[in-house]
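Worksheet for the structure shown next.
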Amino acid sequence: IATGQREEVAVVIPAKRSIQQLAGAVAPKLNADSARIVALLQPDSIQWRIVTNTYSMYWEADALDLKERLLKESIRWWNRKRIEQAWELGLSQKEVVTLASIVQEETANRSEAKTVAGLYLNRLERGMLLQADPTLKFALGDWTIQRLLDKDKNVLSPYNTYRNTGLPPGPIRIPEAFYIDAVLNAESHDYLFMCARPDGSGTHAFARRYG
């Protein structure tokens, strides 16, 4: 500080299930309190704009500096091409991010992300319920659930896609930028149903009809 030199640090903005988790990962790199980061990034109007990446920032940056940088990077990331791709899908930018958050929770296998995205887009186009288990876990507030029961599907929440048509009101996590691009470049097919393969591969079987 005395010499006027400013040191830059690499700040990784990770894909996390909550702002609290993101704040905990970022705060040690900056002159920022995690609680302050949560307060500034928690609003829905900010949260969906967070684009995961590694950004170079000055170590003395505070929570407000972080918020402003993330908003600036969001504007840069959502270039004209991506915005037009969203329009072609009939979705807003926020809706694309919301769907991407669901797709990431549905599959950790990147090779099938575009297929899963296309399946949900097909359901949306037909006015079908998304029936996405991750949204139900989010609504229940418990990501540790291994097996959802029929009674769980009755939870009253706008995030319960077993009861409500369309997309939930916002993302259920901070998705990786990869999954946002997967939605924007979703695979075109006729699949409407999927189920996890029993071989432990983490992949899914896709079908046009139920059963």
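Computed from a predicted model, the values in this text were never measured in an experiment.
Judged as a salt bridge (Lys or Arg N to Asp or Glu O under 4.0 Å), the pairs with a partner in residues 36-56 (not counting sequence neighbours) are, in order, D44-K94. For the salt bridge (Lys or Arg N to Asp or Glu O under 4.0 Å) condition, the pairs that include at least one residue of residues 139-160, sequence neighbours left out, are D150-K153.
When the shell of 6.0 Å around CH2 of W143 is examined, it contains more than 12 heavy atoms from other residues, nucleotides or ligands. The local environment of CZ in R80 is sparse, with at most 12 non-hydrogen atoms from other residues, nucleotides or ligands closer than 6.0 Å.
A pairwise comparison of heavy atoms in A61 and L30 identifies O-CB, 3.4 Å as the closest pair. Of all the heavy atoms in L22 and P14, the pair that sits closest is CD1-O, 3.8 Å. Taking all atoms of both residues into account, the shortest heavy-atom contact from A23 to P28 is O-CD, 4.5 Å. Nearest approach of V103 to A117, heavy atoms of both residues: CG2-CA, 3.9 Å. The two atoms that bring M128 and L192 nearest to each other are SD-CD2, 3.9 Å, heavy atoms only. Taking each heavy atom of N31 and E60 in turn, the nearest pair found is CB-O, 3.5 Å.
When only modelled atom types and interatomic distance are considered, E187 and T115 share a side-chain donor-acceptor pair under 3.5 Å. Y162 and D133 form a side-chain donor-acceptor contact under 3.5 Å, judged by distance and modelled atom types alone. No side-chain donor from either of T203 and E112 sits under 3.5 Å from a side-chain acceptor of the other.
For R82 (side chain) and Q93 (main-chain N/O), no donor-acceptor pair under 3.5 Å exists by modelled atom type. Checking side-chain atoms of N160 against main-chain N and O of V155 turns up a donor-acceptor pair under 3.5 Å.
Put simply, I75 and W48 are part of two different groups of oily side chains (I, L, V, M, F, W, Y) that touch within less than 4.5 Å, one to the next. A chain of hydrophobic side-chain contacts below 4.5 Å, direct or via other Ile, Leu, Val, Met, Phe, Trp or Tyr residues, connects F178 to L99. Note on L136: it does not cluster hydrophobically with F138, by side-chain heavy-atom contacts below 4.5 Å among ILVMFWY residues. Hydrophobic clustering (ILVMFWY, side-chain heavy atoms < 4.5 Å, transitive): V12 and L41 are in distinct clusters. Put simply, L124 and W87 are part of the same group of oily side chains (I, L, V, M, F, W, Y) that touch within less than 4.5 Å, one to the next.
For P169, the side chain to side chain contact (heavy atoms under 4.5 Å, CB included) criterion is met by P158, Y159, not counting sequence neighbours. For L129, the side chain to side chain contact (heavy atoms under 4.5 Å, CB included) partners are Q131, T165, not counting sequence neighbours. Partners of Y191 by ring-ring contact (aromatic ring centres under 6.0 Å, His included), not counting sequence neighbours, listed by chain and number: H189, F206.
The side-chain contact (heavy atoms from CB on, under 4.5 Å) test with L130 singles out one residue from T135, L119, T161, N164, and that residue is T161.
A 4.5 Å side-chain heavy-atom check between L89 and V183 finds at least one atom pair inside the cut-off. In this structure, the side chains of W78 and V97 come closer than 4.5 Å at one or more pairs of heavy atoms. You'll find the side chain of K137 stays beyond 4.5 Å of the side chain of R17, heavy atoms only. Using a 4.5 Å cut-off on side-chain heavy atoms (C-beta onward), Y58 and D65 make no contact. Between M194 and Y120 the shortest side-chain heavy-atom distance falls below 4.5 Å. A 4.5 Å side-chain heavy-atom check between I174 and I13 finds every atom pair outside the cut-off. Counting only heavy atoms from C-beta outward, the side chains of L140 and L148 approach each other to under 4.5 Å.
Interatomic distance, T52 OG1 to Q104 CD, rounded to the nearest 0.5 Å: 8.0 Å. Summarising the geometry, atom CH2 belonging to W77 is positioned 4.5 Å from atom CG belonging to D181; distances are rounded to the nearest 0.5 Å. Distance CG/L70 to CD1/I46: 9.0 Å, rounded to 0.5 Å. Interatomic distance, CG of L66 versus CG of L71, reported as 9.5 Å (0.5 Å rounding). Atoms NZ and CG, from K114 and L121 in turn, are 13.0 Å apart once rounded to the nearest 0.5 Å. In this structure, CZ on R163 lies 6.0 Å from CG on N154, to the nearest 0.5 angstrom.
Taking a cutoff of 4.0 Å between a charged side-chain nitrogen and a carboxylate oxygen, E73 and R76 qualify as a salt bridge.
Through direct or relayed side-chain contacts under 4.5 Å between Ile, Leu, Val, Met, Phe, Trp and Tyr, L40 connects to L64.
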